[in-house]
Amino acid sequence: MGIRGGGYLSLFSFPTPYSLLPIPYSLKTMEILASEVLGTNKFDQCVINIALINICDRESDLGQEMMSLYHDWKAETDEAVKNPWLDLHQFTIYVPHPDQQYEGLTLGEGLTKGYNIEVKPVRDRSKVPYKIPEGGHFIVVLKQRRPDSEFEIAATGIFVRPLAAIALDIILDPDKGEYQSLIIKHPIVREYPEGWEDKLIAFLKGEITSYDLPNVVGYVDRAFNSDYRSPSWNEMYLAATGFAGF
């Protein structure tokens with residue numbers, strides 16, 4: 001489907017001793033150059049940012065697809081339909097090479113519409129490497145190193161919907177199990193509530209529930225905020241490179 005198979009300012013080092021579980025993914029032995037580590041350039045950062053924008057917005061193409069898949073899943077299992085965000089899902093974000101070309105659409109068009117993201121319900125929690133509390137979702141990031149090449153594992157993490165944020169483990173050396181933990185904030189939210197980092201960590205540790213978290217996502221979800229407009233890829237990238245602002 002399409003591309004599948006603020007910018008720099010929204011990436012912050014994890015500010016506390018808490019870290020996610022060591023990355024369990026080592027799909028194959030591979031040497032990662034420093035320049036190929038996820039997030040070392042503005043293009044990667046903007047791809048992750050606009051993916052977060054699409055994931056947070058229930059009115060986006062991705063949000064509508066998630067809802068449809070959720071209803072199909074519940075119909076198949078004959079279970080009651082509830083809030084899909086309370087059931088664990090996996091979001092796979094594909095970070096294409098900047099020079100990758102696609103037939104029928106530009107790279108920017110595909111990224112704007114979230115065609116580089118896949119979503120699916122998690123039917124077996126034992127296959128997820130993290131213990132994710134209700135209200136959190138599993139994130140997998142795959143990166144393409146060269147045009148027309150395969151996508152390779154680059155990071156895993158947890159999307160915390162109420163906070164419109166991702167706690168991400170970026171792979172530095174898959175053979176040594178080295179990774180860097182980051183928080184990715186929503187690039188459109190200018191100011192997060194005071195103390196939100198502590199609440200994020202408490203949530204990931206299971207000390208509080210998602211209902212105890214500030215509802216930051218309400219500002220960047222058109223289902224709640226009819227005045228909100230998602231930026232395009234071009235707007236995101238220009239803002240990140242200092243040529244424009246939101």
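H137 has its side chain out of reach of V119: every pair of non-hydrogen atoms, C-beta onward, lies at least 4.5 Å apart. Between Q101 and P147 there is no side-chain heavy-atom pair separated by less than 4.5 Å. Contact of the W233 side chain with the C46 side chain is registered, since non-hydrogen atoms from C-beta on lie closer than 4.5 Å. The closest side-chain heavy-atom distance from F43 to L107 is below 4.5 Å. For the pair Q100/S149, no side-chain contact is recorded, criterion being any heavy-atom separation below 4.5 Å from C-beta on. By the 4.5 Å heavy-atom criterion applied to side chains, H89 and K120 are not counted as neighbours. Using a 4.5 Å cut-off on side-chain heavy atoms (C-beta onward), I166 and V160 make no contact. Looking at W85 and P162, their side chains never come closer than 4.5 Å, going by heavy atoms from C-beta outward.
Here the CD1-CD1 distance, from I158 to I183, works out to 12.0 Å after rounding to the nearest 0.5 Å. Summarising the geometry, atom CG belonging to L69 is positioned 11.0 Å from atom CE belonging to M67; distances are rounded to the nearest 0.5 Å. To the nearest 0.5 angstrom, K131 atom NZ is 13.5 Å from K205 atom NZ. For the atom pair CD1 of I171 and CD1 of I153, the computed distance is 5.0 Å after rounding to the nearest 0.5 Å. One finds the CD1 atom of I188 at 8.5 Å from the CD atom of E235 (value rounded to the nearest 0.5 Å). The distance from atom CD1 of I170 to atom NZ of K143, rounded to the nearest 0.5 Å, is 9.5 Å.
Between Q144 and H97 the shortest heavy-atom distance is OE1-N, 2.9 Å. Nearest heavy-atom pair across L204 and A167 is CD1-CB, 4.0 Å. Closest approach of D221 and R58 over heavy atoms only: OD1-N, 3.1 Å. When all heavy atoms of V220 and Y228 are compared, the pair lying nearest together is O-CE2, 3.4 Å. Between W73 and P121, the shortest heavy-atom contact is CE3-CB, 3.3 Å. Nearest heavy-atom pair, T112 versus I50, reported as atom, atom and distance to 0.1 Å: CA-CD1, 4.0 Å.
No side-chain N or O of Y115 forms a donor-acceptor pair with one of E109 less than 3.5 Å apart. No hydrogens or angles considered: nothing links the side chains of S232 and N234 as a donor-acceptor pair under 3.5 Å. For the residue pair Y130 / T156, a side-chain donor-acceptor distance below 3.5 Å is found, with atom types taken as modelled.
In this structure R125 satisfies the side-chain hydrogen bond (donor to acceptor under 3.5 Å, both in side chains) test with no other residue, sequence neighbours excluded.
Under the 4.5 Å side-chain contact rule for hydrophobic residues, F159 and F224 do not share a cluster. Linking Ile, Leu, Val, Met, Phe, Trp and Tyr residues whenever their side-chain heavy atoms come within less than 4.5 Å places Y102 and Y94 in a single cluster.
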Please step through side-chain contact (heavy atoms from CB on, under 4.5 Å) for the pair I53 and M236, ending with a clear verdict.
CA-CA 10 Å; I53 287 171; M236 280 287 305; 3.7 Å; yes

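A side-chain contact (heavy atoms from CB on, under 4.5 Å) with I93 is found for one member of L142, L38, I139 and no other, namely I139.
R161 places a side-chain N or O within donor-acceptor distance of the main-chain N or O of C56, the cut-off being under 3.5 Å.
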For residues 209-218, dump all side-chain donor-acceptor pairs below 3.5 Å to protein atoms at least two apart in sequence or in another chain.
residue: T209; atom: OG1; partner: Y211; partner atom: N; Å: 3.3
residue: T209; atom: OG1; partner: D212; partner atom: OD2; Å: 3.3
residue: D212; atom: OD2; partner: T209; partner atom: N; Å: 3.0

